[in-house]
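All remarks here apply to the structure that follows.
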Amino acid sequence: MSQMTGTKVLCHVDDLEEGASKGFLENDAGHDLFFVVKKEGELYAWRNACPHVDGAPMAWRRDAYMDAKKIHVTCHAHGALFEAKTGLCIQGPCLGQSLEKVPVQISETGEVSVSLADIN
């Protein structure tokens, strides 16, 4: 992938419902580079790569990064569960490892953006 620079507006903070997740910026294979989770009104962004298998995408379908109860981020390939706020694996083959955080910014008007340098 070529180096990307600048800032990319992703969505508005209100576009994500509580407990929902949404993936952004597809790679050449059609997988999201990272995803954002809304938990208790806060946004948390994580690289779409399970620590169990280097670079393995986590969703089983578009934007499906949460478990059925919308409590934990899950890797549907390996069954691992992660805390949505910390990225820490609490169950599965990568127990104790963490997802890689992606810093996002929220403007005063509620626009969610990412520095493209942070996702390269």
Side-chain angles (χ1 to χ4, degrees):
M1 174 188 276
S2 62
Q3 281 289 98
M4 296 184 285
T5 59
T7 301
K8 170 82 173 160
V9 175
L10 305 172
C11 63
H12 190 276
V13 70
D14 294 336
D15 292 341
L16 280 169
E17 296 177 17
E18 179 63 29
S21 59
K22 183 165 179 54
F24 294 97
L25 304 180
E26 288 184 8
N27 64 16
D28 294 338
H31 299 292
D32 299 319
L33 293 179
F34 66 98
F35 59 94
V36 177
V37 175
K38 190 172 195 177
K39 200 72 175 154
E40 297 177 10
E42 298 290 325
L43 298 184
Y44 303 90
W46 306 105
R47 191 169 299 278
N48 180 22
C50 185
H52 177 234
V53 174
D54 188 36
M58 297 173 55
W60 64 276
R61 66 175 168 77
R62 186 90 179 126
D63 300 328
Y65 294 96
M66 300 298 287
D67 64 1
K69 296 180 182 178
K70 296 186 177 185
I71 295 172
H72 295 103
V73 172
T74 185
C75 176
H76 293 279
H78 308 112
L81 294 178
F82 301 85
E83 293 178 342
K85 292 181 178 183
T86 67
L88 179 67
C89 181
I90 57 167
Q91 178 181 310
C94 49
L95 187 65
Q97 293 180 287
S98 293
L99 298 173
E100 185 180 339
K101 186 177 180 100
V102 174
V104 292
Q105 296 78 40
I106 303 171
S107 72
E108 291 180 14
T109 60
E111 285 187 328
V112 180
S113 62
V114 64
S115 168
L116 295 176
D118 287 337
I119 59 169
N120 285 310

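We use all heavy atoms of the structure for the numbers below, so side chains are in, but hydrogens, waters and symmetry mates are not. All of these numbers come straight from a predicted model, not from anything done at the bench.
Glu40 and Lys85 get closest at one heavy-atom pair: OE1-NZ, 2.6 Å. Taking both residues in full, the closest heavy atoms of Cys89 and Ala80 are given as SG-CB, 4.1 Å, listed atom of the first, atom of the second, then distance. Taking all atoms of both residues into account, the shortest heavy-atom contact from Ala84 to Ile71 is CB-O, 4.1 Å. Scanning all heavy atoms of the two residues, the minimum distance from His76 to Ala59 falls at CD2-CA, 4.1 Å. Among all heavy-atom pairs drawn from His78 and Cys50, the shortest one is ND1-SG, 3.5 Å. Smallest separation of non-hydrogen atoms from Asp118 and Pro103: OD2-CG, 3.4 Å.
Sparse packing is recorded around CD of Glu17, with 12 or fewer heavy atoms of other residues, nucleotides or ligands lying under 6.0 Å away.
Counting only distance, with no hydrogens or angles, the side chain of Lys38 and the backbone of Val13 share a donor-acceptor pair below 3.5 Å. Without hydrogens or angle criteria, Asp63 side chain to Gly23 main chain gives a donor-acceptor distance under 3.5 Å. Gln97 contributes no side-chain N or O that, together with a main-chain N or O of Leu88, makes up a donor-acceptor pair within less than 3.5 Å.
Ser98 OG to Glu83 CD: the interatomic distance, rounded to the nearest 0.5 Å, is 8.5 Å. For the atom pair CG (Asp67) and SG (Cys75), the distance works out to 13.0 Å, reported to the nearest 0.5 Å. With values rounded to the nearest 0.5 angstrom, Lys101 atom NZ is found 13.0 Å from Arg47 atom CZ. Considering CD of Gln105 and CD of Glu111, their distance stands at 12.0 Å, rounded to 0.5 Å. Atom-to-atom distance recorded for Ile106:CD1 and Leu43:CG is 4.0 Å, nearest 0.5 angstrom.
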Let's go through Glu100 and Trp46 carefully: what are the C-alpha distance in whole Å and the side-chain angles of both, what is the deciding distance for side-chain contact (heavy atoms from CB on, under 4.5 Å) to 0.1 Å, and is it a yes or a no? CA-CA 6 Å; Glu100 185 180 339; Trp46 306 105; 6.0 Å; no

Taking it one step at a time, do Phe34 and Val114 satisfy side-chain contact (heavy atoms from CB on, under 4.5 Å)? CA-CA 10 Å; Phe34 66 98; Val114 64; 3.9 Å; yes

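Looking at Phe35, Phe82, Trp60 one by one, the single match for ring pair (Phe, Tyr, Trp, His ring centres under 6.0 Å) with Tyr65 turns out to be Phe35. Checked against Val102 for a side-chain contact (heavy atoms from CB on, under 4.5 Å), the options Leu25, Leu33, Val36, Ile119 give a single hit: Ile119.
With sequence neighbours left out, the side chain to side chain donor-acceptor pair (under 3.5 Å) criterion links Lys8 to no other residue. Among residues two or more places apart in sequence or in another chain, the side chain to side chain donor-acceptor pair (under 3.5 Å) test is passed with Glu42 by none.
A salt bridge does not link Asp32 to Lys22: none of the charged side-chain nitrogens sits closer than 4.0 Å to a carboxylate oxygen.
Under a hydrophobic-cluster definition in which Ile, Leu, Val, Met, Phe, Trp and Tyr are linked whenever side-chain heavy atoms come within less than 4.5 Å, directly or via other members, Tyr44 and Leu99 are assigned to the same cluster. Cluster annotation: Met66 and Leu16 are assigned to distinct hydrophobic clusters (Ile/Leu/Val/Met/Phe/Trp/Tyr, side-chain heavy-atom contacts under 4.5 Å, transitive).
A heavy-atom distance below 4.5 Å is not found between the side chains of Thr74 and His72.
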